[in-house]
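Just dropping this structure here.
The structure presented is a predicted model; accordingly, all values stated were derived computationally and were not measured. By convention in this document, chain letters (A, B, ...) are assigned in the order of the sequence lines, proteins followed by strands, and residues within each chain are numbered from 1.
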Amino acid sequence: MKKVTDFQAKVYEALKLIPEGRVTTYKLLGKFIDCKSSQAIGQALKKNPFAPDVPCHRVIKTDLSIGGFYGEVTGEKITDKLKILSKEGVIFEDGFLADEKQLIDLAKR
DNA sequence: CATACCGTCCAAT
DNA sequence: ATTGGACGGTATG
């Protein structure tokens, strides 16, 4: 059962707003949904009750790093996401976003 | 209802 | 640069 709260619903929407080849950070995402905590987003994404309908791989840390998606910073799933992201147009280098210009500000744009 | 846990961010050193 | 603490929300007892 999808026990999504208002908070998670916002995260879901924000994620859908991200165009292909664009990435967002937990903080930017949180700012967009008026959430003052990116921590909760990371945790909610990790649990991802709506996975894989939600492209949580498009959400990165404020460092422009992947930060770890399913609880792993270095894993085969992470590498797979990097592959998908690079296919979308987002290039990650050693787990870090190669082009910060790929960052989209949901609250701005 | 309270507590514990999760994961990230911010701040301090 | 590195480490620790704090924050917010979720989940569970």
Among C:dA11, C:dG8, B:dC9, the nucleotide that comes nearest once only the side chain of A:S37 is considered: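 My answer, after comparing the listed nucleotides, is C:dG8.
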Which nucleotide in B:dC6, B:dC10, C:dG9 has an atom nearest any side-chain atom of A:C35: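 Shortest atom-to-atom distance from the side chain points to C:dG9.
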Closest listed nucleotide, where the reference is the side chain of A:K46 and the choices are C:dG9, B:dC6, C:dT10: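 Given the options C:dG9, B:dC6, C:dT10, the side chain of A:K46 is closest to B:dC6.
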Whole-Å gap separating P (C:dG9) and CG (A:N48):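 Between P of C:dG9 and CG of A:N48: 18 Å.
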Geometric cation-pi criterion A:K61 and A:Y26, 6.0 Å radius, 45° cone: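 That pair does not qualify as a cation-pi contact.
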Euclidean distance, atom CG of residue A:L45 to atom P of C:dG8 [Å, nearest integer]: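 Atom CG in A:L45 sits about 19 Å away from atom P in C:dG8.
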Tabulate protein N/O versus nucleotide N/O from nucleotides 1-5 of chain B, keeping only pairs under 3.5 Å, one per line.
none

A:L28 backbone acceptor or donor facing A:T25 side chain under 3.5 Å: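 Answer holds: yes.
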Protein-nucleotide distance (A:I41, atom CD1; C:dC7, atom P), rounded to Å: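 Spelled out: CD1 on A:I41 to P on C:dC7 is 17 Å.
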Distance-minimising heavy-atom pair for A:K27 and A:S38: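 Scanning both residues, the minimum pair turns out to be N-CB, 3.8 Å.
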Side-chain touch A:L103/A:L64, heavy atoms, less than 4.5 angstrom: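 They are in contact (side-chain heavy atoms under 4.5 Å apart), so the answer is yes.
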Under 4.0 angstrom between A:K36 side-chain N/O and C:dG8 OP1 or OP2: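 Affirmative; the distance criterion is met.
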Trace of the side chain to side chain contact (heavy atoms under 4.5 Å, CB included) decision for A:F7 with A:C35: CA-CA 8 Å; A:F7 159 77; A:C35 184; 3.3 Å; yes
side-chain N/O A:S38 vs C:dC7 OP1/OP2, d < 4.0 Å: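 For C:dC7, neither OP1 nor OP2 has a side-chain N or O of A:S38 closer than 4.0 Å.
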Backbone of A:I18 reached by a side-chain donor or acceptor of A:R58 within 3.5 Å: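 A pair under 3.5 Å: yes.
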Touch class at under 4.0 angstrom, heavy-atom based, for A:G30 against every strand present: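 Counting heavy atoms under 4.0 Å across all strands, no contact is made by A:G30.
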Among B:dC10, B:dT8, C:dT10, the one nearest A:K27 by side-chain distance: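 Among the listed nucleotides, the one closest to the side chain of A:K27 is B:dC10.
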